[in-house]
There are 2 protein chains.
Amino acid sequence: MFLVATSCFADRLAKHVPLSDTEKMALARLEENPRKIRRGAMIQRVNDLVTELFVLREGRVMSFVILPDGSRQILRVYFPGDFIGSASTIYNRAPESLVALSDAVVCPFDKHALRRLLEDYPRVAALLFLLSNAERVALTDRLASLGRTSAKARVASFLLDIFDRLRVTDDRITDSFDLKLTQEEIGDAVGLTSVHVNRMIRQMEQEGLISRSNGRITLLDMERLEEIGHYTNRHKDMDLEWLPGMA
Amino acid sequence: MFLVATSCFADRLAKHVPLSDTEKMALARLEENPRKIRRGAMIQRVNDLVTELFVLREGRVMSFVILPDGSRQILRVYFPGDFIGSASTIYNRAPESLVALSDAVVCPFDKHALRRLLEDYPRVAALLFLLSNAERVALTDRLASLGRTSAKARVASFLLDIFDRLRVTDDRITDSFDLKLTQEEIGDAVGLTSVHVNRMIRQMEQEGLISRSNGRITLLDMERLEEIGHYTNRHKDMDLEWLPGMA
DNA sequence: TCTTGTCGTTACGGTGGTAGAACGCCCGAC
DNA sequence: GTCGGGCGTTCTACCACCGTAACGACAAGA
């Protein structure tokens with residue numbers, strides 16, 4: 001029984017490496033149970049007992065933690081085709097919370113469904129390993145950004161990161177996009193207060209680096225933004241081709 | 001032909017999940033070419049063309065990047081049994097540098113040796129995927145630390161993290177350990193200057209939280225350190241048991 | 001209309017960076 | 001042995017960046 005003909009996750013993978021039809025079908029099975037959720041709804045709370053992972057099919061989701069003093073750190077913003085909640089493969093209790101940034105469609109699937117997938121499709125297991133490594137590199141980039149750069153650089157590189165990842169999932173985007181994040185949320189992502197995020201954004205606007213109109217952001221001078229943010233787009237450099245055929 | 005009877009990496013894995021003898025032998029093959037390196041030697045430089053990964057067998061290694069303004073961000077400190085350089089599975093050019101913090105023994109192996117391992121041992125592929133997810137969670141913990149906590153909290157949680165990871169690889173350690181990092185390096189890891197790291201360490205010493213003698217650090221009050229650093233030891237909570245047998 | 005949420009703006013203060021020098025310690029050279 | 005250089009650490013001032021607090025403007029819903 002196939003409720004879905006296509007798979008968001010398979011489509012994403014297929015952009016980097018060819019997939020067989022059986023692999024596509026196996027991946028599509030992860031998305032058999034789409035669930036609509038509303039903007040602001042919690043998908044998972046820290047410390048919940050969790051046995052599910054998700055593929056995000058539509059909309060935007062973020063993960064975050066709240067520290068004992070009440071401050072929030074946003075860990076990652078997810079886009080359609082992203083694999084969410086991989087921490088559940090290793091820990092029984094969720095180390096982070098998940099919330100929908102927009103109305104969204106997520107496809108939950110059980111840990112044991114993942115196990116069967118890993119058993120039956122070793123090439124998929126290898127691909128998941130590679131994707132996980134890409135996430136690891138993305139996180140180290142942000143680590144360097146938070147640890148060693150100024151407020152302006154952090155905001156610039158964050159905007160560029162969202163922009164580039166959005167473009168991986170949506171070809172129509174050229175230079176203008178809807179952030180779907182408040183300035184407070186940007187601050188919680190890059191380790192600043194909303195006040196200071198606002199200072200930096202206005203400054204970049206005055207310098208002609210970006211422009212804004214009702215929620216949408218336009219990147220006017222990519223080159224200088226990349227320079228300011230010490231940012232390099234890694235998506236171009238990904239290479240999964242060394243992992244061909246296999247059984 | 002077996003140059004090594006045991007495998008550092010297999011030993012580590014076996015602490016979390018049972019391994020078959022053939023799996024252990026397959027993993028041991030990754031460590032067939034041990035190479036001694038001296039403290040301070042570079043194993044890999046940013047932007048090198050890389051087709052190798054490493055298992056660290058002895059000693060300590062760290063990864064870092066240098067930003068255009070010259071500042072350094074230390075990304076990760078590695079211990080014996082750790083799998084190093086997984087970025088090479090996805091990118092042809094190294095996104096980070098690797099340097100030995102002490103005299104060390106690393107075992108390089110080719111990307112294609114890894115591919116054969118993934119092909120022949122799907123369960124190993126699945127385990128590598130899980131371990132990579134554990135790394136991801138560790139990085140998000142540090143992201144929250146850098147983004148939202150004070151200098152003191154960052155130093156405290158960093159010390160606790162090194163301590164706990166050292167204990168995973170060496171049972172003999174109880175409360176005192178050799179950091180093998182200068183205060184400047186600690187600063188580069190947690191996003192502070194060596195001056196401020198020094199302030200925090202002396203302060204923690206005066207408060208009776210830690211003590212020092214010729215390079216070794218003793219954690220005197222773990223409970224308060226964990227509180228100050230908002231730190232939780234995740235190693236206890238790891239659960240790979242849901243991924244049993246497989247072919 | 002009132003409420004709620006987001007953005008914009010100001011004044012003030014503290015955390016943590018910068019600069020510079022001195023100290024101790026290890027280790028190799030003589 | 002001792003002398004000296006290099007490295008890591010300790011310490012002192014000074015001050016900039018960024019956080020805190022507080023309030024107003026504005027738009028979208030209730």
Side-chain angles (χ1 to χ4, degrees), chain A residues 38-41 62 67 69-74 99-103 145-156 158-159 178-206 210-217 228, chain B residues 38-40 62 67 69-74 99 101-103 144-159 178-206 210-217 228-230:
Chain A
R38 300 203 62 81
R39 171 184 155 80
M62 71 175 184
L67 297 187
D69 67 354
S71 64
R72 173 177 66 175
Q73 175 67 47
I74 293 176
V99 68
L101 286 169
S102 66
D103 288 354
S145 180
L146 289 203
R148 304 264 79 159
T149 76
S150 67
K152 198 168 169 183
R154 291 188 222 176
V155 174
F158 184 73
L159 292 179
D178 189 348
L179 200 54
K180 292 206 195 306
L181 290 171
T182 68
Q183 295 185 355
E184 185 177 9
E185 284 165 338
I186 299 174
D188 285 350
V190 302
L192 297 169
T193 57
S194 62
V195 177
H196 211 62
V197 169
N198 182 267
R199 279 199 269 256
M200 295 302 107
I201 285 185
R202 269 181 300 131
Q203 196 178 320
M204 291 195 285
E205 200 174 15
Q206 279 166 17
I210 63 176
S211 71
R212 287 177 297 161
S213 61
N214 53 18
R216 292 186 74 79
I217 289 195
I228 290 171
Chain B
R38 301 201 61 81
R39 171 183 156 81
M62 71 174 180
L67 297 188
D69 66 353
S71 64
R72 174 177 65 172
Q73 174 67 47
I74 293 176
V99 68
L101 286 170
S102 66
D103 289 355
S145 179
L146 290 203
R148 306 263 74 160
T149 76
S150 68
K152 199 168 170 185
R154 292 188 221 177
V155 174
S157 64
F158 184 74
L159 292 179
D178 189 349
L179 200 52
K180 291 206 195 306
L181 290 171
T182 68
Q183 296 184 354
E184 186 177 8
E185 285 164 337
I186 299 174
D188 285 349
V190 301
L192 298 168
T193 58
S194 63
V195 177
H196 210 63
V197 169
N198 182 267
R199 281 199 268 255
M200 296 301 107
I201 285 184
R202 269 180 302 129
Q203 195 178 319
M204 290 195 286
E205 200 174 16
Q206 279 166 16
I210 63 175
S211 72
R212 287 176 297 160
S213 61
N214 54 18
R216 294 186 71 79
I217 290 195
I228 289 171
H230 309 307

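Each chain gets a letter, A, B and so on, in the order the sequences are listed, and its residues count up from 1.
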Candidate pair B/Ile74 and B/Phe158, rule side chain to side chain contact (heavy atoms under 4.5 Å, CB included), full reasoning: CA-CA 12 Å; B/Ile74 293 176; B/Phe158 184 74; 5.9 Å; no
Close side-chain approach of A/Glu185 and A/Lys180, heavy atoms under 4.5 Å: no
Which residues share a side chain to side chain donor-acceptor pair (under 3.5 Å) with A/Ser145, sequence neighbours left out: A/Ser157
Between D/dT9 (C1') and B/Met200 (CE): distance, integer Å: 15 Å
Qualifying residues under salt bridge (Lys or Arg N to Asp or Glu O under 4.0 Å), relative to B/Arg199, sequence neighbours excluded: none
Base-contact (B) and sugar-phosphate-only (S) positions in nucleotides 6-15 of chain C, heavy-atom cut-off under 4.0 Å, - elsewhere: SSSBB-----
Short side-chain to backbone donor-acceptor contact, A/Gln73 and A/Asp188, under 3.5 Å: yes
Gap between atoms NZ and P, on A/Lys152 and D/dC17 respectively (whole Å): 12 Å
Between P of C/dG17 and CD1 of B/Ile186, the distance in whole Å: 14 Å
Residues which pass side chain to side chain donor-acceptor pair (under 3.5 Å) with B/Ser71, listed by chain and number, not counting sequence neighbours: B/Asp69
Heavy atoms from other residues, nucleotides or ligands near CZ of B/Arg39 exceed 12 (cutoff 6.0 Å): no
Atom pair OG1/CD of A/Thr193 and A/Gln183 - distance to nearest 0.5 Å: 10.5 Å
B/S/- contact track for nucleotides 24-30 of chain D, protein heavy atom under 4.0 Å: -------
Any A/Leu179 side-chain heavy atom under 4.5 Å of A/Leu159 side chain: yes
Salt-bridge present (A/Arg38, A/Asp103; N to O < 4.0 Å): yes
Touch class at under 4.0 angstrom, heavy-atom based, for A/Gly191 against every strand present: sugar-phosphate
Interatomic distance where CZ belongs to A/Arg154 and P belongs to D/dC17 [whole Å]: 14 Å
All stems with DNA chain C, defined as three or more consecutive Watson-Crick or G-U pairs under 3.5 Å: C:1-30 with D:1-30
Length of the line joining A/Asp188:CG and D/dC18:P, which is rounded to integer Å: 17 Å
Integer-rounded Å distance: D/dC11 C1' and B/Gln203 CD: 15 Å
Distance below 4.0 Å between B/Thr193 side-chain N/O and C/dG17 OP1 or OP2: yes
B/Ile228 vs B/Met204, side chain to side chain contact (heavy atoms under 4.5 Å, CB included): CA-CA, chis, key distance, verdict: CA-CA 10 Å; B/Ile228 289 171; B/Met204 290 195 286; 5.6 Å; no
